[in-house]
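Let me begin by presenting the structure, written as C-alpha cells, before commenting on it.
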2 protein chains.
Amino acid sequence: MTMPRDDENYVLDDQVGFLLRLAYQRHMAIFMGRISGGLTPTQFSTLYRLREAKGPISQNALGRLVGMDAATTKGVVARLIARGLIRMEKDEEDRRRHILSTTEEGRRLLDEVMPQVRGITEATLAPLSPIERDTLVQLLKRLN
Amino acid sequence: MTMPRDDENYVLDDQVGFLLRLAYQRHMAIFMGRISGGLTPTQFSTLYRLREAKGPISQNALGRLVGMDAATTKGVVARLIARGLIRMEKDEEDRRRHILSTTEEGRRLLDEVMPQVRGITEATLAPLSPIERDTLVQLLKRLN
DNA sequence: TAAAATTCATTTGCATACATACAATTTTTC
DNA sequence: GAAAAATTGTATGTATGCAAATGAATTTTA
C-alpha cells in the first residue's frame, strides 16, 4: 500500500500564479514590441508617475507609487537618468533624500509614447470582449 | 496654444499590464512565504511538470511546457540539479539532447509541498468570492 | 537631551526573463 | 548525398524583483 499522491484535482494550467506569470510575460512581449525609445513597462510606469506627481518627490516615494522596492527603484532610476529622461538633485531640507524630476526630454518621450501605450493595453486585452476586459481589470484591482 | 497632452482618461492604476505586474508580485510574496524547501514558483512549476511528463523529456521541451525560453530554462534546471531535485543524462539517440528526470528527493519534496501550494492559490485568491475566482482564472486563460 | 526607532538610499547576492549569438547535431530539401 | 534549415543547448548582456545588511540622517520616545 502506497499513499496516493496529493495531485488529485491539481491542474497547473488552472492556477492563478501560473496564469499570472504567463499573462504578464505575454504583456511584456507586446509592450517591448510596440514601444519606442526602448522603455520597459517598469520604466514607463516610473516616468509616468513622476510626471503625474508634479511636485518634488524622493526616490523611495516614487518607487512606492510604482510598486517597486527600494533596491529595484534604484536601478530603474539610474537607467532613466542615464538616458537623460529624469534628473536627480539633493534635498537640502532632508539630506537623506534625492529629489527626482522629469527632464524636457523625458516629457517629450512620454508624449510620444502615450498613444502606443494605449494600443498596448488594447492588444493585451484583444482576446476578450469589452465587458470581459472590464471584469478582468476590476478583479485584478481587487487582488492587490 | 499648446497641444493638450494625451493623458485624458489614462489611469495607470487601471491598466492590465500594471495590474498584472502587481498581482504577480503579490502572488510571489505569498508563494515564497508559504513554501518549504525554498522553491520558487518557477522551480515548482518545472519540477511538477517534469514529474507529470513521466517519460523522458529534453531540457528545452520541459521549458516550453512551463512557458520559459531556453536561456531561462537552463538556469532553472541548473539550480534544480544543484539541489539534487532533478537529474540529467545524455540522450544517445539525439546527441544534442539532455534528458531530464526527477530524483527520489525531488518527488519527496513535491509531495511535501503540494498541500502548501493549494493554500497558496487559496491565499492569492482570498479577496475574491468563489465565482469571482473562477471568472478570473477563466479570463486569464483566455489571455494566454 | 540622549537613546531608540524609523526612514532613505545603497550594496550584494540570488532568481527569473528576454535578446542575441554561437556551436553541435539532426532533419529536411533539393 | 550534399546543402539548407531547424533544433538543442550554451553563453553573454540587460532588466526587473526580493532579501538582507549597511550607513547616514531624521524623528520619536523616554
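Since the structure is predicted, the reported quantities are computational estimates derived from the model, not experimental observations. Order of the sequence lines fixes the chain letters, A, B, ..., with proteins taken first and strands second; residue numbering starts at 1 for each chain.
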With a non-hydrogen cut-off below 4.0 angstrom, is [X] in contact with a base, only sugar-phosphate, or nothing?
{"X": "A:T72", "result": "base"}
{"X": "B:R26", "result": "nothing"}
{"X": "B:D94", "result": "sugar-phosphate"}

Side chain of A:R97 - closest among C:dC18, C:dC8, D:dA19: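 Out of C:dC18, C:dC8, D:dA19, the nucleotide with an atom closest to A:R97's side chain is C:dC8.
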Rounded to whole angstroms, how far apart are [atom1] on [X] and [atom2] on [N]?
{"X": "A:E89", "N": "C:dC8", "atom1": "CD", "atom2": "C1'", "result": "17 Å"}
{"X": "B:E92", "N": "C:dA24", "atom1": "CD", "atom2": "P", "result": "18 Å"}
{"X": "B:I57", "N": "D:dT7", "atom1": "CD1", "atom2": "P", "result": "16 Å"}
{"X": "B:H98", "N": "C:dA24", "atom1": "NE2", "atom2": "P", "result": "13 Å"}
{"X": "B:F44", "N": "C:dT16", "atom1": "CZ", "atom2": "P", "result": "14 Å"}

Are [X] and [N] close enough that a side-chain N or O sits under 4.0 Å from OP1 or OP2?
{"X": "B:Q25", "N": "D:dT16", "answer": "no"}
{"X": "A:Q43", "N": "D:dT16", "answer": "yes"}
{"X": "A:R95", "N": "C:dA9", "answer": "no"}
{"X": "A:R64", "N": "C:dC8", "answer": "yes"}
{"X": "B:K74", "N": "D:dT10", "answer": "yes"}
{"X": "A:Y24", "N": "D:dG17", "answer": "yes"}
{"X": "A:T40", "N": "D:dA15", "answer": "no"}
{"X": "B:R79", "N": "C:dT16", "answer": "yes"}

In one Ile/Leu/Val/Met/Phe/Trp/Tyr side-chain cluster, 4.5 Å: A:M28, A:L136: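 A:M28 clusters together with A:L136.
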Quiz item: A:R96 side-chain donor-acceptor pair to C:dT7 base, under 3.5 Å: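 Such a pair is found, so the answer is yes.
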Given DNA chain D, 5'-ward residue of the pair B:A61 and A:P41, judged by closest heavy atom: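 Nearer the 5' end of the strand: B:A61.
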